[in-house]
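Every chain is numbered from 1 and lettered A, B, ... according to where its sequence line falls, protein lines coming before strand lines.
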2 protein chains.
Amino acid sequence: MKKKDIICETVGGEGCGVRKVLNTIGGKWKILILCAMHGHAAMRYGEIRRTIVGITNTMLAQSLREMEADGLILRQQYDEMPVRVEYALTEKATSLIPILLELKDWGEKHL
Amino acid sequence: MKKKDIICETVGGEGCGVRKVLNTIGGKWKILILCAMHGHAAMRYGEIRRTIVGITNTMLAQSLREMEADGLILRQQYDEMPVRVEYALTEKATSLIPILLELKDWGEKHL
DNA sequence: CCGCATCCACAATGATACTG
DNA sequence: CAGTATCATTGTGGATGCGG
């Protein structure tokens, strides 16, 4: 029996893909942010905040910064008056969306 | 434009599927538990614990109880001496596994 | 062997007010 | 408008020991 036949001898360790995903988009808000931005070419800060029920400035700003650092979103600042900032999903994030939609469907069907 | 054309007017509220999923299998361990149990007809407590790197008794026991309450796993206790307890995935949980594997693949490819 | 109970540390999240 | 700063609160996770 080859190693590939075993799904996971152990999970959650160093190189575990699931663990990496959880570290990147785990937590209460990041997945919701991705869902909120799906289908929009670009969204402004306030627009995202209004879309996500219950999120606070603290959490939104912090999540956006981390997701930018992880290469999931792009931040574009326009130095107008007043300032305008737009966020867009990167290709990496876009490739994740279909999976999140499946999760959503599963949740609606089973929960 | 029909409402269905909009992915989510708002997300994270009452009936939001994604929010439900996060409430059910969010957190640090539950997704890993599901991955660990995938492919096994039944697993004993200690076996699960050894499979998941870093998990403690507290978190494993608590997670298993909650997942049983949510209908994701079945708990079968054999009153032998010493006690033997086996856990198995329900059909509901099994239907979630493919999505988790996609997440895992995404993580390995992109992170 | 299984896993619950207790107690505790710290991280995550939240409310509020304030700035460029 | 788009955040930051600060402080309060909650939640998550861990160590340890006990009991069936």
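Remark: A/R44 is in phosphate contact with D/dA2, judged by side-chain N or O atoms under 4.0 Å from OP1 or OP2.
Note that the CG atom of A/L72 and the OG atom of A/S63 stand 11.5 Å from one another [nearest 0.5 Å]. B/D70 contributes atom CG, which lies 5.0 Å from atom OG1 of B/T24 (distance to the nearest 0.5 angstrom).
Counting only residues at least two apart or in different chains, salt bridge (Lys or Arg N to Asp or Glu O under 4.0 Å) contacts with residues 71-99 of chain A comprise A/E80-A/R84, A/R84-A/E86. Sorted by first and then second residue, the salt bridge (Lys or Arg N to Asp or Glu O under 4.0 Å) pairs involving residues 29-50 of chain B (not counting sequence neighbours) are B/K30-B/E66. The ring pair (Phe, Tyr, Trp, His ring centres under 6.0 Å) contacts involving residues 66-111 of chain B comprise B/W106-B/H110, where partners must be two or more places apart or lie in separate chains.
Partners of B/E108 according to the salt bridge (Lys or Arg N to Asp or Glu O under 4.0 Å) rule, which considers only residues two or more places apart in sequence or in another chain, are B/K104. Residues forming a side chain to side chain contact (heavy atoms under 4.5 Å, CB included) with A/T94 (at least two apart in sequence, or on another chain): A/L89. With sequence neighbours excluded, no residue satisfies side-chain hydrogen bond (donor to acceptor under 3.5 Å, both in side chains) with B/Q76. With sequence neighbours left out, the side chain to side chain contact (heavy atoms under 4.5 Å, CB included) criterion links B/V53 to A/T10.
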Polar atoms only, N or O, under 3.5 Å: list the protein pairs with nucleotides 4-8 of chain D and their distances.
| residue | atom | partner | partner atom | Å |
| --- | --- | --- | --- | --- |
| D/dT4 | OP2 | A/R65 | NH2 | 3.4 |

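In the set D/dA2, D/dG14, D/dG20, D/dG20 carries the atom at the smallest distance from any side-chain atom of B/V83.
Put simply, CZ on A/R84 is 13 Å from P on D/dG3, counting in whole angstrom units. Atom pair A/I48:CD1 and D/dC1:P shows a separation of 14 Å (rounding to whole Å applied). For A/M59 and D/dT10, the CE to P distance is 16 Å, given to the nearest whole Å. We find that CH2 of B/W29 is positioned 11 Å from C1' of D/dT12, with the value rounded to whole Å. Following rounding to the nearest Å, A/D79 (CG) and D/dC1 (P) show an atom-to-atom distance of 17 Å. Between the C1' atom of D/dG3 and the CD atom of A/E80 lies a distance of 16 Å, rounded to the nearest Å. Regarding B/Q77, its CD atom lies at a distance of 13 Å from the P atom of D/dG20, rounded to whole Å. One atom, CZ of A/R50, and another, P of D/dA2, lie 8 Å apart when rounded to the nearest Å.
The residue among A/G27 and A/P82 whose nearest nucleotide of DNA chain C lies closer to the 5′ end is A/G27. Of the two residues contacting DNA chain D, namely A/R75 and B/T56, the nearest-nucleotide position lying further toward the 5' end is that of A/R75.
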Test side-chain contact (heavy atoms from CB on, under 4.5 Å) on B/L111 and A/V21 and set out the steps.
CA-CA 8 Å; B/L111 300 177; A/V21 170; 4.2 Å; yes
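Within the nucleic acid shown, B/R49 has no heavy atom closer than 4.0 Å to any nucleic acid atom. A/Y78 comes within contact range of no nucleotide atom at all, as no heavy-atom separation falls under 4.0 Å.
An end-to-end axis angle of 50° holds for the helix from C/dC1-D/dG20 to C/dG20-D/dC1, taken from five base pairs per end and rounded to 10°.
The span of DNA chain C lying next to chain B, judged by atoms under 4.0 Å from heavy atoms, is bounded 5' to 3' by C/dC1 to C/dA5.
When the options A/T56, A/I52, A/L64, A/L34 are evaluated for a side-chain contact (heavy atoms from CB on, under 4.5 Å) with A/W29, the one that passes is A/I52.
Of all heavy-atom pairs between B/I48 and B/M43, the closest is CG1-CB, 3.7 Å.
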